[in-house]
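These numbers were taken from a predicted model, which means no experiment stands behind them. Counting starts at 1 for both ligands and their atoms, in listed order.
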Amino acid sequence: MKWSLFIGSFLTALAAQGMTLSNWIFTKTSPDDPQAEWKQVTVPHCWNAQDAQKGGGKENNKDFGYYRGPGTYRIKLPDTARFDGKRVFVRFGAVSNFAEVYLNGEKLAEHKGAFTSFGTELTGKLKPGAGNVLEVRADNSLRREILPISGDFPVYGGMYRNVELIERDPVCISPIANGTDGVRITQHNVSNESADLGVSVTVDSALPDGGEGTLEIALYDAQGKSILKASKPIRLTPGESEHQVDMTVPSPHLWQGREDPYLYKLDVRLSSGDNSTLLSYPIGFRSVSFDPDKGFSLNGKALKIKGVCRHQDWEGKGWALTEKEHRRDLDLILEMGANAIRLAHYPHDPKLIAMCDAEGVILWEEIPFVDSVGKPKDPAVEETTKQQLMEMIRQLGNHSSIVVWGLSNELLHRSTDDPLPLLRELNALAHKEDPYRKTVVAVNRPGNKDLCSIADLLALNTYPGWYGGGPEGMGGAIDSLHKSYPNTPVAISEYGSGASIKHHDRNISKAPKAGGKWHPEEWQSRSHEILWDKIASRETTWGTFLWNMFDFASVWRDEGDRPGINDKGLVTFDRKVPKDAFYFYKANWRDDIPVLHLQEKRATPTSDEKVAIRFYSNMKNNKVFLNEKEVPGVSSYCRNGFATPPVALKRGRNVVKVISKDDKGQLHRDEAEWIYQPDSKGNNDGDVKK
Ligand code: GCB
């Protein structure tokens, strides 16, 4: 389709802040080429939704195996008549990983970094009428100065979060200051008695003398009752000016994580003559602390962080997710009973983070400083990395759920030059930008004292039971980390094993080859049972985050049941199948509902005549039946995991059933059909052979 023949039209849904621009046209060829082929796309859009998920890349990142290059989007803006007397801004949720913004061919802005928001003002540049064309030239080529430049996940390309057209009065709260919406909220000294609340507002005045205005801040409780109001007259300068209002909230109802995620509503209003902007924010008041011996506390109460890590890609969608996919991810995480997420390895969508505020989920958010920095002394690398950190903190810092900023992951793993001087600067910058949150680095080289002593907190990525040693090694890993850094609060930032739902071996007793093609699901269950046991019996971490909640794309991997995937997820890439290990955690992490799950349902047909019947249950009264006959001798073999002694299956179809009684006397059941075929090839291997 030719550009001249077709052009995307503006859209449509009115979002809280503005108008969402979703119907664009797109080309990978040069937009200056009159023969360029354009196609209609809906934003959020990702141009690697297919090719970055099929594998075939090389680990050294020189041959990615998926398209990394330019892609251009165009849209025709609405008739300017509707903006009469208003200022017009555009804000991009995220464009990967470099973007230039043009209006009617004139370049207005550019942005580096794939995960943070940015914007620009269109006022004064728009031609009257309906002919204005907004163009975004995106590019996800590898650029040395834009991290990440390493990692096992793809840097998908595209305009993959929402784009908003925002109207404002001439004197307004800036909707684009450093990609924020102009309001930064801080909280500190939070207790049952009071909380110090700071609201800093970037006002943008188009008046030649700046003018005057009033800032009004109002806090409402969850029932809408007014709690606190403050009003401050302000003198404005032309362009942007910063204004701060500090307040003390008396006797706040605290945000107590999953137990009680209580949110207030904070209204911020700017008025200046007839001009006004009103913005509202949910806010939960909380204090957190990290202790090297006792772990994490929320509002002075010890809280065991049961965390998972999450990447933001979905099968068939790449990074182009809507609220629906974020919600599904969070629902699965909550169903399993986790209370914390490490948002790896970059800033995630504020939509998901807002859901976590409301659900009481504790968050670790981080910048994409992964493995390697390439050339850290290059000023361009330093500048862009600092910018990514600053933008993350300013854009996401209003969220009560975020308790820690991650600065790096596994540095020195593939480094060329020394990344530590830059890491030190990042640590200082994080504290300057946000004096009230701690910093953390995730390492896989705990012996490097220099690296491990830079941030406030330390966390270890460790894979006993997968990349070497048995899962029992987790106990020693935690203990020796604590011993080496007795004054630093330590966490486990990654642990886990790969698993395919198509590979089965009921008798597996040691790890398969990590890089191999045979990843039986049962090993993931066996290893997590032991890993979690070691974790649960220790108080000296401030948290643990399993790797990973979901399978994710990993172009250079060729392991498990298909190329291009990291299958350490507890749920499949398409989010359709929770693996058995998901239910192990659910049975251990949920104490609010009865949980029962019969394992190895997919391990059929089987050539094993005698099998132990295993299940997870958080109930005490459990009975197992094989072909309607009760199997005696059920015993516990791990935390909330039970098994029968080996029992003989009959040839052909067998019905296995577990019935459990909860405290209220209610019965719960789970069952499966297993086909015993003595001649079936392989060992309990379903339809896939070793
Ligand atoms: C790690 C990395 C993570 C990988 C993971 C793995 O330590 O931090 O990005 O995906 O190992 O699965 O190997």
Practice task
Name the closest protein heavy atom to atom 10 (O) of ligand 1, giving the residue it belongs to and the distance to 0.1 Å.
Solution key: Asp152 OD2, 2.7 Å
Problem - His311 contact mode with ligand 1 (heavy-atom cut-off under 4.0 Å) - result: neither
Exercise for the section: Describe, in one word, how the ring planes of Trp518 and His503 are oriented to each other, choosing from parallel (under 30°), tilted (30 to 60°) and perpendicular (over 60°). Expected result: parallel
Exercise for the section: Determine whether the side chain, the backbone, both or neither of Asn566 has a heavy atom under 4.0 Å from any heavy atom of ligand 1. Expected result: side chain
Completion exercise
Counting from 1 in the order shown, the ligand 1 atoms closer than 4.0 Å to a non-hydrogen atom of Arg557 are 6 (C), 12 (O), 13 (O)
Exercise for the section: Could you tell me whether ligand 1 has any atom less than 4.0 Å away from a heavy atom of Asn444? Expected result: no
Problem - Expected output: side-chain Gln53 to main-chain Gly316 donor-acceptor under 3.5 Å - result: yes
Handout entry: Distance filter under 4.0 Å to Phe552 heavy atoms, resulting ligand 1 atoms
Key = 10 (O)
Completion exercise
The answer for which part of Phe153 has a heavy atom under 4.0 Å from ligand 1 is neither
Handout entry: Asn461 and Ser493: side chain donor to acceptor below 3.5 Å
Key = yes
Exercise for the section: List the closest protein heavy-atom neighbour of atom 5 (C) of ligand 1: residue, atom name, distance to the nearest 0.1 Å. Expected result: Tyr463 OH, 3.4 Å
Handout entry: Row check, Tyr495 ring normal vs Lys568 NZ/CZ: under 6.0 Å, within 45°
Key = no
Handout entry: Distance-only polar pair, side chains of Arg639 and Asn588, donor-acceptor under 3.5 Å
Key = no
Exercise for the section: Tell me which protein heavy atom sits closest to atom 9 (O) of ligand 1, plus the residue, atom name and distance to 0.1 Å. Expected result: His345 NE2, 2.7 Å
Fill in the blank from the handout: The answer for which part of Val370 has a heavy atom under 4.0 Å from ligand 1 is neither
Exercise for the section: Please determine if Lys586 and Glu335 form a salt bridge, counting it only when a charged side-chain N lies under 4.0 Å from a carboxylate O. Expected result: yes
Exercise for the section: For Tyr467, take its heavy atoms, then give the atoms of ligand 1 lying under 4.0 Å from any of them. Expected result: 6 (C), 12 (O), 13 (O)
Exercise for the section: Please determine, by modelled atom types, if Asp329 and Trp314 share a side-chain donor-acceptor pair under 3.5 angstrom. Expected result: yes
Completion exercise
shortest atom 1 (C) of ligand 1-to-protein heavy-atom contact is with Glu494 OE1, 2.8 Å
Handout entry: Flag side-chain contact, heavy atom, 4.5 Å: Thr540 against Val490
Key = no
Problem - Nearest neighbour in protein (non-hydrogen) for atom 12 (O) of ligand 1 - result: Lys568 NZ, 2.5 Å
Handout entry: Glu410 side chain to His345 side chain, donor-acceptor N/O pair below 3.5 angstrom
Key = no
Completion exercise
among protein heavy atoms, the one nearest atom 7 (O) of ligand 1 is Glu410 OE2, 2.2 Å
